Amino acid sequence: MSGKIIDGKAISADIKQEVKLEVEALNKRGIEPCLAVILVGENTASKVYVNNKKKACQACGIQSVSYELPENTSERELLDLVEKLNQDKKINGILVQLPLPKQIDETKVILAISPKKDVDCFHPQNVGALHTGQKGFLPCTPAGILELIKRSGYDITSKQCVVIGRSNIVGKPAAMLLLQENGTVTICHSKTKDLAQVCKRADIIVVATGKINTLTKDMVKQGAIVIDVGMNRNEEGKLCGDVDFEAVKEVAEAITPVPGGVGPMTIAMLMKNCLTAAKEQAQG
Ligand code: NDP
C-alpha cells in the first residue's frame, strides 16, 4: 500500500487565497500591504526565488518593490537601504535574499532589519519570541511544515516527532513549533548515533539535511508522516529531496513530494507574514 501524498501546491494555494481575501478587506480600509525585496548580486537560484516571491505577492494582491543591487555593493550601502526601508511607512515587510556576497556580514544585515518588518523571522528578537512562546512572526519554512501536517488532518499532540537537521532556519524552529503543538520532539544531526533507530520510533519525521537519501525505508515505521524539506539536484540534475521518496511512500501514512511539498509552502507563509506585518503596523 502506498501512503497519501501531501499536496503542498494545493495547500499553499488555499493559504494564498485566504491571504488574498484578507488583503482585499484591508484594501477597503485603505491599507495596502507592501513587501520590499532586496537582491544583491548575480546568484541564479536567488533570482529565481526572488521572482517567485514577487509573483506570489502579485497573486495575493500584496504590493512589492524590489531592489536589485550589484555584486560589489558594500555592507554600508545595504545597511543604509535597510534603514531607509525601516523608516518608510509604506513598507510593511523587508526581505533580504540570502546568501549575500562575501564582503557583507549577513548577521549585521539581519540585525539591522526592524523586527516589526522581519517577515523571514530571522531577527534574534523574533527568534526569541518564537522560543518563549510570545506572539510574533513564524519562520516561513517551519510554519509551512506545520500547516502541511495540520491541514492534512493530523494532530501533533503526544506524537513522537523527529527532526533531522538543526539549522537556524529549518531544523531548530521546526522542532520548536512541533514542541509548541505538544509533540515529543527529538532533534538529530550529523553527530547523532543510530539515526535509523531514533527515526524508527517516530510518528512524524521532518528531514532537513540537504543530503539525498538521508531517510530510507528501513528507518521509517509503518504509518509515519514524513515531511521532506530537502532541495537537492541528483546526478541527472533533477530536483529531489532528502527522502528516498519512492520506497518510503510504501510505509508512510503520508509523505510530501519534492517538488510540490514544502517548497511552495515557504512562500505562502511569507505572504501570511506580510499580511500580519501590515495588520500590526496599521494598528500602530
Ligand atoms: P543546513 O546545511 O544549514 O543544515 C543541515 C543540517 O542537517 C545540519 O544540522 C546537519 O548536521 C544535518 N545533517 C547533514 N547531514 C546529515 C546526516 N547525514 N544525518 C543527520 N543529519 C545531517 O541546511 P538547511 O537547514 O538550510 O537546509 C536543509 C535542506 O532544506 C536543504 O536541502 C535546503 O535546500 C532545504 N531547504 C528548503 C526550503 C524550502 O523552502 N523547501 C527552505 C530552506 C531549506 P550538523 O549540524 O551536525 O552539521
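First listed ligand is number 1; within each ligand, the first listed atom is number 1. Owing to the predicted nature of the structure, the values given are computational and were not obtained by experimental measurement.
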*Asks:* Scan for side-chain hydrogen bond (donor to acceptor under 3.5 Å, both in side chains) pairs involving residues 226-238, sequence neighbours excluded, and state none if there are none.
*Replies:* Asn232-Asp242
*Asks:* After noting the C-alpha distance and the side-chain angles of Lys200 and Asp218, does the key distance pass the salt bridge (charged side-chain N to carboxylate O under 4.0 Å, His left out) rule?
*Replies:* CA-CA 8 Å; Lys200 197 88 191 185; Asp218 55 302; over 6 Å; no
*Asks:* Is Lys20 salt-bridged to Glu24, cutoff N-O under 4.0 Å?
*Replies:* yes
*Asks:* Ignoring hydrogens, just give me the one of His189, Met231, Met269, Arg233 whose non-hydrogen atom is nearest atom 21 (N) of ligand 1.
*Replies:* His189
*Asks:* With atom 17 (C) of ligand 1 as the reference point, say which of Thr209, Val163, Asn232 has the nearest heavy atom.
*Replies:* Thr209
*Asks:* Can you confirm whether the side chains of Lys90 and Gln63 place a donor and an acceptor under 3.5 Å from each other?
*Replies:* no
*Asks:* For atom 8 (C) of ligand 1, which candidate among Arg166, Lys172, Met265, Lys211 holds the nearest heavy atom?
*Replies:* Arg166
*Asks:* Return a yes/no value for Thr214: is any of its N or O atoms, backbone included, closer than 3.5 angstrom to an N or O of ligand 1?
*Replies:* no
*Asks:* When you measure from atom 47 (O) of ligand 1 to each heavy atom in Gly210, Gly230, Gly263, Ser190, which option holds the nearest one?
*Replies:* Ser190
*Asks:* Can you report which non-hydrogen protein atom sits closest to atom 19 (N) of ligand 1, along with the distance?
*Replies:* Leu195 CD2, 3.9 Å
*Asks:* Please report, to 0.1 Å, the donor-acceptor pairs under 3.5 Å made by any side chain of residues 179-187, with sequence neighbours excluded.
*Replies:*
from   : atom 1 : to     : atom 2 : distance (Å)
Gln180 : NE2    : Leu130 : O      : 2.7
Glu181 : OE2    : Lys150 : NZ     : 3.2

*Asks:* Give the residue and atom name of whichever protein heavy atom lies nearest to atom 39 (C) of ligand 1, and the separation in Å to one decimal.
*Replies:* Thr266 OG1, 3.7 Å
*Asks:* With a 4.5 Å heavy-atom cut-off, do Leu85 and Tyr67 have their side chains touching?
*Replies:* yes
*Asks:* Closest non-hydrogen protein atom to atom 1 (P) of ligand 1, residue and atom name please, with distance?
*Replies:* Ser167 CB, 4.1 Å
*Asks:* Check for me whether Cys188 has a heavy atom closer than 4.0 Å to any atom of ligand 1.
*Replies:* no
*Asks:* Could you find the nearest protein heavy atom to atom 42 (C) of ligand 1 and give me its residue, atom name and distance?
*Replies:* Thr141 OG1, 3.4 Å
*Asks:* Less than 3.5 Å between some nitrogen or oxygen of Lys191 and one of ligand 1, yes or no?
*Replies:* no
*Asks:* Kindly identify the option in Val229, Val207, Leu270 whose heavy atom sits closest to atom 30 (O) of ligand 1.
*Replies:* Val229
*Asks:* Say whether Thr192 and ligand 1 are in contact under the criterion: heavy-atom distance to a ligand atom below 4.0 Å.
*Replies:* no
*Asks:* Return the residue, atom name and 0.1 Å-rounded distance of the protein heavy atom closest to atom 43 (C) of ligand 1.
*Replies:* Val170 CG2, 3.7 Å
*Asks:* Do Leu98 and Leu100 have side chains that approach each other closer than 4.5 Å (heavy atoms only, starting at C-beta)?
*Replies:* yes
*Asks:* Without hydrogens or angle criteria, can the side chains of Glu83 and Asn86 be said to hold a donor-acceptor pair below 3.5 Å?
*Replies:* yes
*Asks:* Is there side-chain contact between Met265 and Leu148, with heavy atoms separated by less than 4.5 Å?
*Replies:* yes
*Asks:* Is the shortest distance from a heavy atom of Ala208 to ligand 1 less than 4.0 Å?
*Replies:* yes
